Amino acid sequence: AQKVTQAQTEISVVEKEDVTLDCVYETRDTTYYLFWYKQPPSGELVFLIRRNSFDEQNEISGRYSWNFQKSTSSFNFTITASQVVDSAVYFCALGPLYGNKLVFGAGTILRVKS
Amino acid sequence: EAQVTQNPRYLITVTGKKLTVTCSQNMNHEYMSWYRQDPGLGLRQIYYSMNVEVTDKGDVPEGYKVSRKEKRNFPLILESPSPNQTSLYFCASSLSRLAGGTQETQYFGPGTRLLVL
């Protein structure tokens, strides 16, 4: 069975702090995709990144970076110099290589205070 | 503009009164799916559709029906809503694995908040 665990239910930081959101997954598949989505207070789901299991290179996009470690089944997300606009719920999700179903973690609420 | 739309965005209803939440996408995606979001549980898949007239159950299908008569539309039907179906519902679409070969990114609608009294 596939499972995604986001152990941090809620994180509070002060603006400009760096923050890392943890994601640990379980799957028997040898190849798969991992995703991060952002859900701001307005409620919509915003796609952030898709990473396939072939590629363990870390990725950086502006203040966002992702650390994928297959050995520990983790796909952590770091926001550098956090801003109030980063306040949202962040979801990590796992999907098969061939197929469309996504399994989501419970989400992490990030609160960035000014 | 490429998008997934849902209607209504907010709905309050009473137990047993049939309702339909519509979902439409303009990206010619084969794959569409419904999820519900509940606190502490993340999003869970209700039903999905690989293409027109092809639907299948997700993880939590009880109490829901779907249909896919047209490629762009994928309505979610609650024949007899109950309070435990109070939730935030999302429709999503993506290219099918049959077309893309590998999982494509799913794009989500804005969500429908449902309260069943």
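Values reported hereafter were calculated over all heavy atoms of this structure, with side chains retained and with hydrogens, waters and symmetry mates removed. Quick caveat, the model's predicted, so the values are computed rather than measured. Here is how names work: the chains are called A, B, and so on, in the same order as the sequence lines, proteins then strands, and each is numbered from 1.
- In Arg44(B), the CZ atom is crowded: over 12 heavy atoms of neighbouring residues, nucleotides or ligands sit closer than 6.0 Å.
- Residue Leu45(A) holds its CG atom at 5.5 Å from CG of Leu43(B), rounded to the nearest 0.5 Å.
- Using a 4.5 Å cut-off between heavy atoms, Tyr48(B) does not touch chain A at all.
- Heavy atoms of Leu41(B) lying under 4.5 Å from chain A belong exclusively to its backbone.
- In Arg9(B), the CZ atom is crowded: over 12 heavy atoms of neighbouring residues, nucleotides or ligands sit closer than 6.0 Å.
- The 12-atom threshold is not exceeded at CD1 of Ile60(A), counting heavy atoms of other residues, nucleotides or ligands nearer than 6.0 Å.
- Between Gly40(B) and Ala106(A) the shortest heavy-atom distance is O-CB, 3.4 Å.
- For Gln6(A), no part lies under 4.5 angstrom from a heavy atom of chain B.
- For Lys17(B), there are no salt bridge (Lys or Arg N to Asp or Glu O under 4.0 Å) partners at least two apart in sequence or on another chain.
- For Tyr37(A) and Phe108(B), the gap between ring centers is short of 6.0 Å.
- Taking each heavy atom of Phe90(B) and Glu44(A) in turn, the nearest pair found is CE2-CA, 4.4 Å.
- A single hydrophobic cluster is seen to contain both Val60(B) and Val66(B), as judged by linkage of ILVMFWY side chains at heavy-atom distances under 4.5 Å, directly or through other members.
- In this structure, CZ on Phe35(A) lies 7.0 Å from CD on Gln106(B), to the nearest 0.5 angstrom.
- Hydrophobic clustering places Val19(A) together with Ile49(A) (ILVMFWY residues linked when any side-chain heavy atoms are closer than 4.5 Å, directly or through intermediates).
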